[in-house]
Amino acid sequence: MASMHDFPQRRNADLAQAQRLGGMDAMRELAASIAHEVRQPLAAIALNADAALRWLDHDPPRLDEARAALALVASAGSHAGAVLRSVHDLACKASGSHDHFVADDAVRDLLPLLRAPLQRHAIHLETQLAPGRPLLRADPVQFRQVILNLLMNAIEALRDTAGRPRTVLLSSRLDGGVQHFSIADNGAGIAPQAAERLYHALYSSKPDGMGMGLAICRRILDAHGGRLWHAPGTPHGSVFHFTLPAP
């Protein structure tokens, strides 16, 4: 039979174990965040490096095409480095660098990273951004993370869609003091049983998903005073919405 003196020791041991488990969960989430966020730029680096080698192997070498592919390698590498710093800031709960920039320019910077999966799955991406090129005040790297994650989710939702054209629409509008962004796809949509846990870290509705993209998006938008939510598409698919305060 345990004595009264054993209870403080047991309580301390239980607390230490809980702290160890909490630390392991935090490390697992950080590792999953890094792996998830650098996966796409690393894929773009490998793809364009391979393309550059093929252009150089031509007889005669296609130097202009090789230079263009290597420029995309450099751009994807810079993006991967910036994303690593961003994930570190999120893990440390740092505020990031809030700058003024135009959303159109940030979106255009991302398009080369999406070219390969869009072509591979025969998906048409359309952008309808707010006229007048309004400014955002946010961390530009984290803004691109949100856009890239939501666009990649839309692309993955369309992989098995058949019988209709596969489309993704990225749109935005200025609504008072808020910029409202939407990413719509015409895929199969989100199962009701998955909707409640969709934004939880390490939960994924996809068999090969890491369960970090939407959790990272929500964390970024919360830190910027924005919101993230989704709704069913019409007549198919899903629409993800997010807002950011306008400067």
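We use all heavy atoms of the structure for the numbers below, so side chains are in, but hydrogens, waters and symmetry mates are not. Residue indices begin at 1 and follow the sequence shown.
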Visitor: Applying side-chain contact (heavy atoms from CB on, under 4.5 Å), run through Q128 and L169 and close with a yes or a no.
Guide: CA-CA 7 Å; Q128 296 178 359; L169 173 63; 3.8 Å; yes
Visitor: Give the minimum heavy-atom separation between D139 and H224, together with the two atoms involved.
Guide: N-NE2, 3.0 Å
Visitor: Examine L42 and V73 and state if one hydrophobic cluster contains both, with Ile, Leu, Val, Met, Phe, Trp and Tyr joined whenever side-chain heavy atoms are less than 4.5 Å apart.
Guide: yes
Visitor: Verify whether one side chain among H180 and T243 offers a donor that lies under 3.5 Å from an acceptor in the other.
Guide: no
Visitor: Flag the pair R219 and D222 as a salt bridge only when some basic side-chain nitrogen lies within less than 4.0 angstrom of an acidic carboxylate oxygen.
Guide: no
Visitor: Looking at every heavy atom in both P232 and V239, which two are closest together, and how far apart are they?
Guide: O-CG2, 4.3 Å
Visitor: Does the pair L113 and M152 meet the rule for a side-chain contact (heavy atoms from CB on, under 4.5 Å), with working shown?
Guide: CA-CA 10 Å; L113 298 179; M152 282 304 302; over 6 Å; no
Visitor: Hey, is the main chain of T161 close enough, under 3.5 Å, to the side chain of R166 for a donor-acceptor pair?
Guide: yes
Visitor: Roughly how far, to the nearest 0.5 Å, is the CG atom of D105 from the CG atom of L129?
Guide: 10.0 Å
Visitor: To the nearest 0.5 Å, tell me how far C217 SG sits from N153 CG.
Guide: 7.0 Å
Visitor: Under 4.5 Å between side-chain heavy atoms, hopping through other hydrophobics if needed: is there a path connecting F101 to I220?
Guide: yes
Visitor: Are a donor atom and an acceptor atom from the side chains of R159 and H121 found within less than 3.5 Å of each other?
Guide: no
Visitor: L111 and V146: same hydrophobic cluster, using ILVMFWY side-chain contacts below 4.5 Å?
Guide: yes
Visitor: Please report the interatomic distance CZ(F143) to CG(L221), rounded to the nearest 0.5 Å.
Guide: 9.5 Å
Visitor: Passes side-chain contact (heavy atoms from CB on, under 4.5 Å), V102 versus L136? Steps please.
Guide: CA-CA 6 Å; V102 178; L136 281 174; over 6 Å; no
Visitor: Any side-chain heavy atom of Q179 within less than 4.5 Å of one from P134?
Guide: yes
Visitor: Show the nearest heavy-atom pair for residues I183 and A154, with the distance to one decimal.
Guide: CG2-CB, 4.1 Å
Visitor: Working to the nearest 0.5 angstrom, can you tell me the gap between H236 NE2 and D185 CG?
Guide: 11.5 Å
Visitor: Can you see which heavy atom on L214 is nearest to which on L228, and at what distance?
Guide: O-CD2, 4.0 Å
Visitor: Ion pair present between R54 and D57, side-chain N to carboxylate O less than 4.0 angstrom?
Guide: no
Visitor: In the structure I gave you, are the side-chain heavy atoms of I190 and F240 within less than 4.5 Å of one another anywhere?
Guide: yes
Visitor: So, taking the atom named CG in L150 and the one named CG in L170, what distance separates them when rounded to the nearest 0.5 Å?
Guide: 9.0 Å
Visitor: If every non-hydrogen atom of I216 is compared with every non-hydrogen atom of Q145, which pair is closest and at what distance?
Guide: CG2-NE2, 4.1 Å
Visitor: About how many Å separate CG of L244 and CZ of F242, when rounded to the nearest 0.5 Å?
Guide: 5.5 Å
Visitor: For A74, does its backbone N or O pair with a side-chain atom of S78 as donor and acceptor, under 3.5 Å?
Guide: yes
Visitor: Determine the minimum heavy-atom distance between P165 and N186, stating which atoms define it.
Guide: O-ND2, 2.6 Å
